[in-house]
> 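Here you go, one structure.
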Amino acid sequence: GQSLEQPSEVTAVEGAIVQINCTYQTSGFYGLSWYQQHDGGAPTFLSYNALDGLEETGRFSSFLSRSDSYGYLLLQELQMKDSASYFCAVRLYPGDTDKLIFGTGTRLQVFP
Amino acid sequence: DAGVTQSPTHLIKTRGQQVTLRCSPKSGHDTVSWYQQALGQGPQFIFQYYEEEERQRGNFPDRFSGHQFPNYSSELNVNALLLGDSALYLCASSRPARHTVTGELFFGEGSRLTVL
């Protein structure tokens, strides 16, 4: 079956850098996405890696290595508002659909 | 520009009852997907609707059914509710996959269903 594993919880302090890992066992997929979800809120799209390598979007960067079945989300200059759950997700072949398989999720707590 | 809206936000049902959840997609989107999110877990794909038809289905029993209307809004129906159906039900809208690079989904804030 398809699975994406993430650490359940990560803690850090304001201003620090944190990396959230995602290791996967899936068949072919188009790309790796990351979503952020605050408590009681909707998941919101953060980033997407179609190819191996690093994608940077402001304070957030995401990385994918298909050969290692591994990706990560890097959050820099952490702020209190970054406290949330983060999910990696893949869109599988074949496909003309947007079906996403989500990871187990990582709860990030940022402390002052 | 209204995003994805879902109703109701919270509801409580008892085992064996039936529930209908509703979703209006983001303006310009014609594809609606439904996900179930149990507490502390990632969303699980239920099914997707496009052009009023179910295009793909996840590993959910036939008790879960849906519908898409000509205005692209959608309903999720769950029959014969079980305790294990208690979860946050998320609706996500998107443009057709072939029209996007990232396949970005736009989620509503969900309907939290509690089954007693």
Side-chain angles (χ1 to χ4, degrees), chain A residues 1-9 20 22-24 26 28-51 55 57 60 62 64 73 84-109, chain B residues 2-7 9-10 23-26 29-51 53-60 68 87-112:
Chain A
Q2 324 286 352
S3 69
L4 295 89
E5 298 294 327
Q6 301 177 236
S8 58
E9 188 168 358
I20 298 174
C22 173
T23 56
Y24 58 84
T26 70
F29 61 92
Y30 289 106
L32 183 72
S33 302
W34 287 90
Y35 284 77
Q36 178 192 62
Q37 185 179 29
H38 287 97
D39 285 347
T44 57
F45 175 84
L46 290 178
S47 68
Y48 178 77
N49 291 73
L51 304 174
E55 293 285 341
T57 309
F60 295 176
S62 57
L64 173 62
L73 178 69
S85 293
Y86 292 83
F87 297 92
C88 57
V90 294
R91 182 157 62 104
L92 300 177
Y93 298 144
D96 194 26
T97 74
D98 308 311
K99 170 186 175 180
L100 291 183
I101 305 298
F102 281 84
T104 52
T106 299
R107 186 173 182 85
L108 169 64
Q109 293 193 64
Chain B
V4 178
T5 58
Q6 293 187 242
S7 63
T9 55
H10 295 82
C23 171
S24 292
K26 181 178 169 65
H29 289 182
D30 54 12
T31 302
V32 173
S33 303
W34 288 91
Y35 288 79
Q36 181 195 65
Q37 186 176 27
L39 199 61
Q41 298 186 20
Q44 300 289 316
F45 177 78
I46 303 175
F47 42 52
Q48 183 183 83
Y49 278 85
Y50 172 68
E51 293 187 341
E53 291 189 358
E54 183 183 294
R55 298 178 70 202
Q56 194 167 0
R57 188 178 184 91
N59 189 26
F60 280 81
Q68 186 179 35
L88 180 67
Y89 289 85
L90 294 164
C91 172
S93 74
S94 57
R95 300 170 64 218
R98 63 187 180 278
H99 293 160
T100 73
V101 173
T102 67
E104 177 181 354
L105 296 181
F106 292 78
F107 285 88
E109 293 194 347
S111 296
R112 182 161 297 281

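For clarity, every value in this text was computed on a predicted model and none was experimentally measured. Proteins come first, then strands; the chains are lettered A, B, ... in the order of their sequence lines, and each starts at number 1.
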> Applying side-chain hydrogen bond (donor to acceptor under 3.5 Å, both in side chains) to Q37(B) and Q37(A), what does each step give before you reach the verdict?
CA-CA 12 Å; Q37(B) 186 176 27; Q37(A) 185 179 29; 2.9 Å; yes
> Measure Q6(A) against the heavy atoms of chain B and call it side chain, backbone, both or neither at under 4.5 Å.
neither
> A side-chain contact here means heavy atoms from C-beta on lying under 4.5 Å apart; do I101(A) and T26(A) qualify?
no
> Who wins among S47(A), P43(A), G103(A), S33(A) for the most heavy-atom pairs under 4.5 Å with chain B?
P43(A)
> For chain A, which candidate among G40(B), A92(B), G42(B) shows the most heavy-atom pairs at distances under 4.5 Å?
G42(B)
> If you compare all heavy atoms of F107(B) against all heavy atoms of V4(B), which two are closest, and at what distance to 0.1 Å?
C-CB, 3.9 Å
> With a 4.5 angstrom heavy-atom cut-off, is it the side chain or the backbone of Q6(B) that approaches chain A, or both, or neither?
neither
> Measure the spacing between CD1 of I46(B) and SG of C91(B) and express it to the nearest 0.5 Å.
10.0 Å
> Answer with side chain, backbone, both or neither: which region of F102(A) has an atom nearer than 4.5 Å to a non-hydrogen atom of chain B?
both
> Would you confirm whether S111(B), through its side chain, and H10(B), through its main-chain N or O, come within 3.5 Å as a donor-acceptor pair?
no
